[in-house]
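Scroll down for the structure; my scribbles are underneath it.
Everything quoted here is computed from the prediction, not taken from an experiment. Quick note on labels: first sequence line is chain A, next is B, and so on, each numbered from 1. These values consider heavy atoms only, across backbone and side chains, with no hydrogens, waters or symmetry-generated copies.
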2 protein chains.
Amino acid sequence: MKQSYNNGVEATLGVIGGKWKPQLLCHLGNRPQRTCDLRRELPAISQKVLTQQLRELESDGIISRHIGGERAPFKVTYDLTDLGRSLGQILVQMSVWGEQRASQVPDMEITHDHGGFSNIGLKMDSGI
Amino acid sequence: MKQSYNNGVEATLGVIGGKWKPQLLCHLGNRPQRTCDLRRELPAISQKVLTQQLRELESDGIISRHIGGERAPFKVTYDLTDLGRSLGQILVQMSVWGEQRASQVPDMEITHDHGGFSNIGLKMDSGI
DNA sequence: GGGAGTAGGTACTTTTTGGTAACCATCGAT
DNA sequence: ATCGATGGTTACCAAAAAGTACCTACTCCC
């Protein structure tokens with residue numbers, strides 16, 4: 001179905017706005033990862049939602065899915081595409097802004113449970 | 001209540017992620033506006049949701065609310081705060097990325113009904 | 001007195017999103 | 001033969017977000 005946005009910001013939000021997508025992009029920004037790796041790093045996400053968010057990112061062209069092995073316990077690997085990497089600069093800036101904001105607001109905390117975007121800049125096209 | 005995020009990106013999304021917030025920020029980025037102005041520019045938003053999103057932006061320190069007149073038909077004006085203006089660069093980049101994306105995907109359209117972020121850079125602290 | 005304009009609140013419903021739990025299929029190891 | 005790891009799917013539920021409808025209260029204007 002044809003999706004419609006009022007401006008570019010909304011279009012971008014449509015891509016990165018899922019509940020787990022920032023974290024998924026973060027982890028995939030470091031290196032390609034298998035499904036089970038992502039599940040281990042994000043224990044709180046359910047299989048269903050993980051698959052769902054990965055499918056959305058894939059259909060948006062942000063990540064790519066590779067099936068390793070022929071008919072074994074498949075090794076499915078997800079990786080950022082060039083388009084996905086082109087989000088790096090935005091993600092890093094959002095990360096910085098959010099971190100700074102959280103450091104100034106007492107009632108806001110950021111649990112860096114499973115890595116963050118502070119290092120993503122090295123791998124993604126952050127422009128830094 | 002204490003809100004918790006897993007990384008800075010989510011914290012930022014918590015601020016700009018509302019359905020109408022990008023558009024509100026866009027219009028307020030041009031100049032301070034009254035409630036009725038915003039309603040005229042965004043005819044599709046309901047009074048309830050408009051008030052709600054403005055309150056959220058206000059409590060996040062992104063916009064400020066000024067009541068003009070003493071006990072008349074109040075002239076309530078909303079304006080970006082410095083913190084709000086500091087989002088400019090991020091919003092402009094998200095806008096550019098989204099616009100570019102939309103121009104490459106046939107099934108995605110952006111209806112520039114009520115202005116856009118292309119010019120917000122002039123007023124907000126876009127860093128451009 | 002009866003609108004219209006201004007700013008907003010409240011109750012209720014709908015839509016969207018995310019979460020739970022159970023299931024399938026395959027392989028290798030025990 | 002059963003278990004665990006792998007990578008899913010499906011049906012069903014719950015919570016969050018947004019939308020609808022209707023209400024208040026004040027003032028100015030006719």
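Atom pair A/Arg39:CZ and C/dG19:P shows a separation of 12 Å (rounding to whole Å applied). When the P atom of D/dA17 is taken as reference, atom NZ of B/Lys21 falls 9 Å away, rounded to whole Å. Summarising the geometry, the separation between CG on A/Leu13 and P on D/dA18 is reported as 11 Å, rounded to the nearest angstrom. Taking atom CG on B/Leu50 and atom C1' on D/dA21, their separation rounds to 17 Å, with Å as the unit. A/Gln3 has its CD atom 19 Å from the P atom of C/dT15, to the nearest Å. For the pair B/Gln33 CD and C/dT6 C1', the computed distance is 16 Å after rounding to whole Å. Between the P atom of C/dT14 and the NZ atom of B/Lys19 lies a distance of 16 Å, rounded to the nearest Å.
For the salt bridge (Lys or Arg N to Asp or Glu O under 4.0 Å) condition, no pair includes a residue of residues 57-68 of chain A, sequence neighbours left out.
Qualifying side-chain contact (heavy atoms from CB on, under 4.5 Å) partners for A/Ser103, counting only residues two or more places apart in sequence or in other chains: none. Scored by the side-chain hydrogen bond (donor to acceptor under 3.5 Å, both in side chains) test, B/Thr77 finds no partners at all (sequence neighbours excluded). Residues satisfying the side-chain contact (heavy atoms from CB on, under 4.5 Å) test with A/Lys48, not counting sequence neighbours, are A/Ser46, A/Gln52. Residues satisfying the side-chain contact (heavy atoms from CB on, under 4.5 Å) criterion with B/Val96, sequence neighbours excluded, are B/Val92, B/Gln100.
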Taking only N/O atoms, report every protein-nucleotides 6-10 of chain D pair under 3.5 Å with atom names and distance.
from: D/dT6; atom 1: O3'; to: A/Arg34; atom 2: NH2; distance (Å): 3.0
from: D/dT6; atom 1: O3'; to: A/Phe74; atom 2: O; distance (Å): 2.9
from: D/dG7; atom 1: OP1; to: A/Arg34; atom 2: NE; distance (Å): 3.4
from: D/dG7; atom 1: OP1; to: A/Arg34; atom 2: NH2; distance (Å): 3.2
from: D/dG7; atom 1: OP1; to: A/Phe74; atom 2: O; distance (Å): 3.0
from: D/dG7; atom 1: OP1; to: A/Val76; atom 2: N; distance (Å): 2.9
from: D/dG7; atom 1: OP2; to: A/Cys36; atom 2: N; distance (Å): 3.0
from: D/dG8; atom 1: OP1; to: A/Arg55; atom 2: NH2; distance (Å): 3.0
from: D/dG8; atom 1: OP1; to: A/Arg65; atom 2: NE; distance (Å): 3.3
from: D/dG8; atom 1: OP1; to: A/Arg65; atom 2: NH2; distance (Å): 2.1
from: D/dG8; atom 1: OP2; to: A/Thr35; atom 2: OG1; distance (Å): 3.2
from: D/dG8; atom 1: OP2; to: A/Tyr78; atom 2: OH; distance (Å): 2.8

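Under the 4.0 Å criterion applied to side-chain N and carboxylate O atoms, A/Lys21 and A/Glu56 are assigned as salt-bridge partners.
Contacts of A/Gln53 with the nucleic acid, taken as non-hydrogen atoms under 4.0 Å apart, involve only primed sugar atoms and P, OP1 or OP2.
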